[in-house]
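To start, the structure under review is shown below, and the notes come after it.
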Amino acid sequence: VIVDDIAGRGFGLNIVRTHVDRIQGEIEVHSQPGKGTEFVMKLPLTLTMMNALLVQVAEDIFAIPTMAVEKTFDISPADVEYLGNMRVAVMDGVLLPVLDLRHILFDSGTGQCLEEGCRKTVVVLQAEERRIGFLVDDLVEEQEIVIKHLGPCLKRVRKVAGATTVRGEVIIILAVRDLIRSADAF
């Protein structure tokens, strides 16, 4: 075996290139003498992965990107106050608007279960310098998911960022910014 200044260089990159080519991606190498080398990998969006919190709303399961989830907590009718028509709860000494995700997604449901005395779970989402709590029926699990983008025809569907499959079921990934903006209508 001969070891010299160039031994081993490029073999790891060749393996990476093989795997990237297999998924229809690209690798670009930009090199400037004396300054260094930049590697740019372009991967298909259909293979983007992220952590998501799976929540149940009515009979459906939805995925919420965990990077937007600040906190989750249970709430009862005694924890709720009203500022005009806006339902709020105190979280960390600050009033937090609380909206029923069922109402926002399906334009139905008014949080009747909360008024009847059962507990609900609040998922606090943060985006665009705003923080809003959304009532969900249940927290299912946190999971790493593969994002499937919906393509050009469905790209503009509000409140939907994409879809994924979990145990063979198609799950909608919610667009957190759209949910936050939807709160303005309530």
Side-chain angles (χ1 to χ4, degrees), residues 1-73 101 104-106 121-134 136-184:
V1 176
I2 299 173
V3 177
D4 59 20
D5 290 343
I6 60 168
R9 295 181 189 258
F11 289 109
L13 292 176
N14 192 36
I15 292 168
V16 171
R17 178 175 296 269
T18 300
H19 287 285
V20 170
D21 286 346
R22 192 175 300 155
I23 61 171
Q24 307 300 313
E26 296 177 29
I27 294 180
E28 295 176 3
V29 180
H30 306 283
S31 192
Q32 292 183 349
K35 290 193 173 185
T37 303
E38 175 184 47
F39 297 90
V40 178
M41 286 197 312
K42 296 179 181 178
L43 303 175
L45 288 176
T46 57
L47 296 176
T48 306
M49 296 187 76
M50 71 174 185
N51 287 328
L53 178 63
L54 302 182
V55 300
Q56 182 174 348
V57 179
E59 301 300 317
D60 298 306
I61 306 293
F62 294 93
I64 300 173
T66 55
M67 64 186 173
V69 177
E70 181 179 328
K71 185 177 193 174
T72 63
F73 62 93
L101 191 53
I104 289 177
L105 295 176
F106 305 120
T121 301
V122 176
V123 177
V124 181
L125 300 180
Q126 188 166 5
E128 298 182 343
E129 310 279 331
R130 296 179 63 193
R131 192 165 71 161
I132 297 179
F134 292 92
V136 299
D137 294 319
D138 198 12
L139 300 178
V140 178
E141 67 180 313
E142 184 176 341
Q143 184 172 327
E144 186 173 62
I145 60 172
V146 176
I147 302 169
K148 301 285 187 186
H149 293 276
L150 300 176
C153 293
L154 299 173
K155 188 176 184 175
R156 295 187 182 176
V157 175
R158 293 195 63 222
K159 304 172 195 150
V160 176
T164 190
T165 54
V166 175
R167 291 181 284 283
E169 259 188 78
V170 176
I171 306 290
I172 298 295
I173 302 168
L174 297 176
V176 173
R177 283 195 172 105
D178 287 350
L179 294 177
I180 297 287
R181 290 177 187 150
S182 294
D184 293 335

Partners meeting side-chain contact (heavy atoms from CB on, under 4.5 Å) with L179 (sequence neighbours left out): L101, I104, L105, L125, F134, K159, L174
Evaluation steps, side-chain contact (heavy atoms from CB on, under 4.5 Å), between I61 and V166: CA-CA 10 Å; I61 306 293; V166 175; over 6 Å; no
E142 side chain reached by V69 side chain, heavy atoms, under 4.5 Å: no
Which residues share a side-chain hydrogen bond (donor to acceptor under 3.5 Å, both in side chains) with R130, sequence neighbours left out: D184
Set of side-chain contact (heavy atoms from CB on, under 4.5 Å) partners for M67, sequence neighbours left out: P65
Pairs satisfying side chain to side chain donor-acceptor pair (under 3.5 Å), at least one member in residues 58-71, at least two apart: E70-R131, K71-D92
Residues in side-chain hydrogen bond (donor to acceptor under 3.5 Å, both in side chains) contact with T164, at least two apart in sequence or another chain: none
Check against side-chain contact (heavy atoms from CB on, under 4.5 Å), V136 and Q56: CA-CA 6 Å; V136 299; Q56 182 174 348; over 6 Å; no
Listed once per pair and sorted, the salt bridge (charged side-chain N to carboxylate O under 4.0 Å, His left out) pairs that draw on residues 161-179, sequence neighbours left out: E128-R177, E141-R167, D178-R181
Which atom of V176 lies closest to which atom of Q126, heavy atoms considered: CG1-O, 4.3 Å
With A161 via side-chain contact (heavy atoms from CB on, under 4.5 Å) - residues at least two apart: I173, A175
V123 side chain reached by L53 side chain, heavy atoms, under 4.5 Å: yes
Minimal non-hydrogen separation, V170 against A163, with atom names: CG1-CB, 4.2 Å
Listed once per pair and sorted, the side chain to side chain donor-acceptor pair (under 3.5 Å) pairs that draw on residues 30-39, sequence neighbours left out: E28-H30, S31-T37
Derivation and outcome, side-chain contact (heavy atoms from CB on, under 4.5 Å), residues I147 and M50: CA-CA 7 Å; I147 302 169; M50 71 174 185; 3.8 Å; yes
